[in-house]
Amino acid sequence: MLNLKFIQDYPEVVIEKLRKKNFDAAEIVGSIVDLYQQKNAAQQKVEQAKAEMNRISREIGQLFRDGKTEEADVAKARTLELKETIRELDIRFVEIEKKVMELQILLPNLPHESVPAGKGEEDNLVVKSGGEMPQLPGNALPHWELAQKYNLIDFELGVKITGSGFPVYRGKGSQLQRALINFFLDENRKAGYEEIQPPLVVNEDSGFGTGQLPDKEGQMYHVTLDNLYLIPTAEVPVTNIYRDVILDAKDLPVKNTAYSACFRREAGSYGKDVRGLNRLHQFDKVEIVQIAHPEKSYAILEDMVKHVGGLIDKLELPYRVLRLCGGDLSFTSALTYDFEVWSAAQEKWLEVSSVSNFESFQANRMKLRFRDESSKKPQIAHTLNGSALALPRIVAALLENNQTPEGIRIPKALAAYTGFDII
RNA sequence: GGUGAGGUGGGUGAGUGGCUGAAACCAGCAGUUUGCUAAACUGCCGUACGGGUAACUGUACCGCGGGUUCGAAUCCCGCCCUCACCGCCA
């Protein structure tokens, strides 16, 4: 959520920047500016009245103590009208405040200057590529067929037990999952991230803090009986660790990593886009999260991008990095780099990581602050996160790209974790 | 699920219808003392939103939301949460 004072002070900047996200903010911003002034006027009025009331009440207390009960009764009579005034003013003030808030949360985060203009994924900017594209023979199999051939993943069994999008991993397929999780966690830990095991269900406040709620509740599985949500990413519980927290500046940046199962309802799409491991309702992901000083957050974002690139390098997969254009940027993000690996048999790029700087957007929602030695006042921190990495599409690419007549070759770095180097 | 206890500032923990934004202690910060450390002493030490160039100042906040009252951390109602014990269970 954007800072109210900032919207008030720079309405044109907000409107202009959001244009890049193809979001027409003119009307909302106009209303906010207008309401903000009304709010301040209302606040001054109501507080003045309350101050007067407090003064009289103190007087009455003193009169009673002095035993001047008659004078006290006279004073009491004076408060009647004032009380009614306060009641009315208060209602009005609360109403305005609520309206401002409702509008405020409708505004997406402002995109960073480096975000390219554009409507959709075709306008994303390729900023980096790595790895080598494998040359597969004409009879190369897509990963879902490889998964079946080698008995690694049973999609139909998942349908039986739960429904589509909930695959059953078995044998070496299951071991591969576990190996990847451990590999990622270890690499992240070596890079200075503290390992966290968060809850997989969260309450409403947490959903609001990271921006899933309100609005995007349709994307999460909702446990209505307890009003809890299955997490779509470990970002939610991990970032919310710091909700309502004032950190010490010297503890920044905070670096956390967590493995979690992720649950996403996202009904949309069909056909080959959701074939096999391309899109699932439940999948595994290792996430990295950082809480940063505002002046350092962009340098940290670059660090995170480098780190994620390093992981993919070790898995020997061809990949590219995209800087998302305004139209493809999420509601909460100021700048996002997507990592895509090449899935050689499908012959398509698959997104395996999304590394973002949210600046103060999430932190403002969850009142995540830090205190600087210089300025005594707490200020809003910046939050960042990225996948490091999401498993299913990595597995898809590993299976497809490394298929040989002898079997599927496991990259060296990973073989140390699987205990086998070929499937 | 049942029963009981309780939710107060970074922590521990007092507290009563008004003089309580809240004792005391610990932690933290600044200073005095000191060869250094320690100790001792002194002062400071919540957040948000307003007003003011500023000093400063107003309001709100003692889990959340209502209510009673001139006045509520304190009394009443509802909700949420935590803890303990029992039951069930990994």
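Fair warning: this is a prediction, and the values are worked out from it, not measured in the lab. Proteins come first, then strands; the chains are lettered A, B, ... in the order of their sequence lines, and each starts at number 1.
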Set of ring-ring contact (aromatic ring centres under 6.0 Å, His included) partners for [X], sequence neighbours left out:
X: A:Tyr193; result: A:His307
X: A:Phe361; result: A:Phe331
X: A:Phe6; result: A:Tyr10

Sugar-phosphate, base or nothing in reach of A:Lys5, heavy atoms under 4.0 Å: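 If one applies the 4.0 Å heavy-atom cut-off, A:Lys5 turns out to touch the sugar-phosphate alone, with no base involved.
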Contiguous pairing runs of three or more, Watson-Crick or G-U under 3.5 Å, that involve RNA chain B: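 Only these stems qualify: B:1-7 with B:80-86, B:10-12 with B:24-26, B:28-32 with B:40-44, B:46-51 with B:56-61, B:63-67 with B:75-79.
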A:Lys39 side-chain proximity, nearest of B:rA48, B:rG50, B:rC70: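 From the listed options, B:rG50 comes nearest.
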Listed once per pair and sorted, the side-chain hydrogen bond (donor to acceptor under 3.5 Å, both in side chains) pairs that draw on residues 158-182 of chain A, sequence neighbours left out: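 side-chain hydrogen bond (donor to acceptor under 3.5 Å, both in side chains) check on residues 158-182 of chain A returns A:Gln177-A:Asp284.
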Residue pairs involving residues 19-31 of chain A (criterion side-chain hydrogen bond (donor to acceptor under 3.5 Å, both in side chains); sequence neighbours excluded):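 Matches after skipping sequence neighbours: A:Glu16-A:Arg19.
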Partner residues of [X] under the side chain to side chain contact (heavy atoms under 4.5 Å, CB included) criterion, sequence neighbours left out:
X: A:Pro232; result: A:Gln212, A:Met220, A:Val236, A:Arg264
X: A:Pro294; result: A:Phe370, A:His382
X: A:Gln43; result: A:Lys39, A:Asn40, A:Glu47, A:Phe93

Name the atoms and distances for all side-chain donor-acceptor pairs under 3.5 Å in residues 383-396 of chain A, with sequence neighbours left out.
{"from": "A:Thr383", "atom 1": "OG1", "to": "A:Gln362", "atom 2": "OE1", "distance (Å)": "2.8"}
{"from": "A:Asn385", "atom 1": "ND2", "to": "A:Glu235", "atom 2": "OE1", "distance (Å)": "3.3"}
{"from": "A:Asn385", "atom 1": "ND2", "to": "A:Glu235", "atom 2": "OE2", "distance (Å)": "3.3"}
{"from": "A:Ser387", "atom 1": "OG", "to": "A:Ser354", "atom 2": "N", "distance (Å)": "3.3"}
{"from": "A:Arg393", "atom 1": "NE", "to": "A:Asn278", "atom 2": "O", "distance (Å)": "2.7"}
{"from": "A:Arg393", "atom 1": "NH1", "to": "A:Glu351", "atom 2": "O", "distance (Å)": "2.8"}
{"from": "A:Arg393", "atom 1": "NH2", "to": "A:Asn278", "atom 2": "O", "distance (Å)": "2.8"}

Residue mapping more 5' on RNA chain B - nearest nucleotide basis, A:Lys367 or A:Ile60: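 By nearest-heavy-atom nucleotide position, the 5'-most residue is A:Lys367.
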A:Arg371 vs B:rU47: side-chain N/O to OP1/OP2 distance below 4.0 Å: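 A:Arg371 to B:rU47 OP1/OP2: side-chain N or O found under 4.0 Å.
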Side chain proximity check, A:Leu301 to A:Leu335, heavy atoms < 4.5 angstrom: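 When only atoms from C-beta onward are counted, A:Leu335 and A:Leu301 do touch, with a gap below 4.5 Å.
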Proximity to RNA chain B (any heavy atom under 4.0 Å), residues of residues 81-109 of chain A only: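 Within this stretch, A:Lys83 sit under 4.0 Å of the strand.
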Between the protein and nucleotides 51-58 of chain B, which nitrogen or oxygen pairs come in under 3.5 angstrom?
{"from": "B:rG58", "atom 1": "N2", "to": "A:Glu47", "atom 2": "OE1", "distance (Å)": "2.8"}
{"from": "B:rG58", "atom 1": "N2", "to": "A:Glu47", "atom 2": "OE2", "distance (Å)": "3.1"}
{"from": "B:rG58", "atom 1": "N3", "to": "A:Glu47", "atom 2": "OE1", "distance (Å)": "3.2"}

